[in-house]
Amino acid sequence: MNSSIVPGVNSTAVGSGSSRSHTNAYWYAFIYIAATLVLCGPSILALGLEPFDIGSREFDPFLGMFGSPTAGRVLHSVLFVLLGWLYIRITRLPSRPPLWLAPLSVGIWFLSVPWISPDVFFYLAKGWMEAHYGLDPYTVRISSIEGFATDAIFQSVVPALNTVLGNYGPRFQDLSRVIAILSAGSPVTGLMLFKLVGLVALFGISHGVRRLASMNGTTSTMLADRFWLNPLILASFVGAAHNDVFITAAMIYSVILIIRRLHLAGGLALGFAISLKLSAIFISPAVLLVPIYRRQGIRITMRDTGAILLGLIMGVALGFAYRPEAIGYFGSWMNNDTQYFRSSIFQFLVPAANETFGVGAVNVPLIGKGLFVVLGLATLWRNLLNSKSEAAFVTRSAFELLVLGQLLAMQMMNEWYLLWAIVFALPLLCNATNAWIEQLSLIYMPAVVWAIVGIPALVIATQALITTAFVLSAGLYFINRPESESLIISTS
């Protein structure tokens with residue numbers, strides 16, 4: 001067993017922690033909370049805005065307090081760099097931070113109003129148009145509703161999203177509809193309801209991460225802190241209430257159920273995840289190969305694989321059963337009908353290919369998906385040969401397939417997509433996965449506020465920075481990953 005020490009993992013080699021370590025932990029905690037309050041304070045005050053037109057104030061972190069969004073974005077970036085640095089320092093200390101740090105941080109972010117990609121109001125609006133207006137969100141645009149600009153819920157939506165069809169998967173639209181009904185037309189109430197449901201999902205994910213770590217034979221007293229103090233997770237899911245918490249929860253419990261040999265239930269969970277958001281399909285090869293890894297004979301392998309596949313098909317079928325119009329929405333994603341690229345390799349490769357070979361002569365996104373299949377199969381084969389347990393095989397394979405999928409098959413690389421892979425990286429508790437989490441958690445949130453609006457040259461440069469950071473972090477991981485599953489075990 002590898003005896004190396006992972007930063008942030010308590011062990012007897014590190015010791016029980018000195019008084020200096022405890023003092024540093026408290027200082028870091030106080031600075032962390034102070035920075036969070038400065039960052040979120042103005043948006044908490046925005047809960048009283050009339051009209052609640054937060055969508056039109058996107059990427060203005062301090063809501064005009066500085067007279068110019070640029071000054072607010074600079075402070076936003078500085079504070080997120082500080083939070084990212086503190087996150088790394090706190091989780092590397094041999095002693096845990098004060099117990100109040102994570103709950104207080106979560107509470108502050110919960111009360112905040114999202115100012116970066118406030119897609120939650122789009123989810124709410126799509127639920128509202130079905131619940132209140134009786135319209136199909138997959139075939140009707142918000143902008144086509146008569147008098148939409150005077151409806152309080154539609155006023156909170158980012159203007160560019162008013163012309164967008166669909167609302168992710170059919171099961172997520174069901175949730176949006178229920179929350180819209182409960183909101184009674186109030187965007188603030190709807191926001192808080194989405195946050196509440198999302199927070200429940202986050203607690204489920206946190207439990208799933210610990211459970212998966214245990215199944216991998218690893219433990220760490222810092223695992224919860226690595227999850228709940230990550231500024232990217234706090235901002236994207238407690239603050240902005242992005243819906244990826246639901247797909248991520250379904251994915252991690254699909255893996256846990258299959259490790260526990262509840263194959264049909266695990267397949268259903270994965271099918272449910274796909275009906276929420278199609279990107280859950282990235283981990284399906286890893287899940288389906290678990291019975292093959294066990295090497296229990298052809299008959300048992302076929303039985304278990306068949307149960308997983310049956311559950312997956314049932315989960316997807318149930319998801320789309322009474323919303324067949326949603327199939328077309330997902331089909332457009334698979335066929336690259338939406339030619340919009342942001343902070344991904346395709347943002348730069350597609351224009352280069354068009355310039356070199358002619359517009360549309362080379363389908364770069366399709367080549368990327370093909371390369372994902374090839375490298376994904378190579379990764380799965382390597383893990384089948386080297387993994388020390390089925391839990392290690394499926395956990396590492398899911399993580400690596402999600403990283404490769406985001407790199408090679410996604411047209412956009414949004415910060416909230418990172419949660420998919422983070423939840424499978426955390427339970428592995430090795431240096432390569434920890435470094436990947438730290439690098440991207442430090443870079444993404446300070447940069448993203450510059451990646452959409454502002455001076456065109458700066459926007460492109462920021463998107464190039466984000467893309468480069470993801471490519472390099474993925475490359476460094478695959479270079480430094482352990483050849484075998486010699487994972488670090490805490491003795492605390």
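- The backbone N or O of G204 lies less than 3.5 Å from a partner atom in the side chain of Y253, making a donor-acceptor pair.
- When all heavy atoms are compared, the tightest approach of V157 to A125 is CG2-CB, 3.6 Å.
- Between V394 and I258, every side-chain heavy-atom pair lies at or beyond the 4.5 Å cut-off.
- The two residues A235 and F80 make their nearest non-hydrogen contact at CB-CZ, 3.8 Å.
- Counting only distance, with no hydrogens or angles, the side chain of T395 and the backbone of A392 share no donor-acceptor pair below 3.5 Å.
- P114 places a side-chain heavy atom less than 4.5 Å from the side chain of L191.
- With rounding to the nearest 0.5 Å, the separation of CZ in F227 from CE in M222 is 15.0 Å.
- The minimum heavy-atom distance between L440 and A469, with the atom names listed, is CD2-O, 3.9 Å.
- T467 places a side-chain N or O within 3.5 Å of a backbone atom of Q463 that can act as its donor or acceptor partner.
- Between G266 and S254, the shortest heavy-atom contact is O-OG, 2.8 Å.
- To the nearest 0.5 Å, atom CG of residue L426 and atom CG of residue N216 are 12.0 Å apart.
- By the neighbour-count criterion of 12 heavy atoms within 6.0 Å, atom CZ of R295 is densely surrounded, having more than that number from other residues, nucleotides or ligands.
- Interatomic distance, CG of L165 versus CD1 of I142, reported as 10.0 Å (0.5 Å rounding).
- Heavy-atom contacts from other residues, nucleotides or ligands closer than 6.0 Å to CG of L385 number more than 12.
- I181 and A131 get closest at one heavy-atom pair: CG1-CB, 3.5 Å.
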request  = In sequence, state the C-alpha distance, the side-chain angles, and the governing distance for I313 and L310, and then conclude on side-chain contact (heavy atoms from CB on, under 4.5 Å).
outcome  = CA-CA 5 Å; I313 293 171; L310 177 62; 5.5 Å; no
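- Taken to the nearest 0.5 Å, the OG atom of S236 stands 10.5 Å off from the CG atom of D119.
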key: side-chain hydrogen bond (donor to acceptor under 3.5 Å, both in side chains) between W228 and S105, intermediate numbers included   = CA-CA 8 Å; W228 287 107; S105 301; over 6 Å; no
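- Annotation: the span from L199 atom CG to F110 atom CZ amounts to 6.0 Å, rounded to 0.5 Å.
- Closest non-hydrogen pair, L223 versus R210, comes out as CD2-CA, 4.0 Å.
- Taking a 6.0 Å sphere around CZ of R260, one finds it holds 12 or fewer heavy atoms contributed by other residues, nucleotides or ligands.
- Ring geometry for W85 against Y28 counts as perpendicular: the plane angle is over 60°, on a 0 to 90° scale with 30° as the lower cut.
- S176 OG to K126 NZ: the interatomic distance, rounded to the nearest 0.5 Å, is 10.5 Å.
- A salt bridge does not link R177 with D174: every distance from a Lys NZ or Arg NE/NH1/NH2 to an Asp or Glu carboxylate oxygen is 4.0 Å or more.
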query = So L196 and M192, side-chain contact (heavy atoms from CB on, under 4.5 Å) or not? Walk me through it.
reply = CA-CA 6 Å; L196 185 61; M192 291 305 168; over 6 Å; no
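- Using the six-membered ring where Trp is involved, H242 and F237 have ring planes that are perpendicular, over 60° apart on the 30 and 60° scheme.
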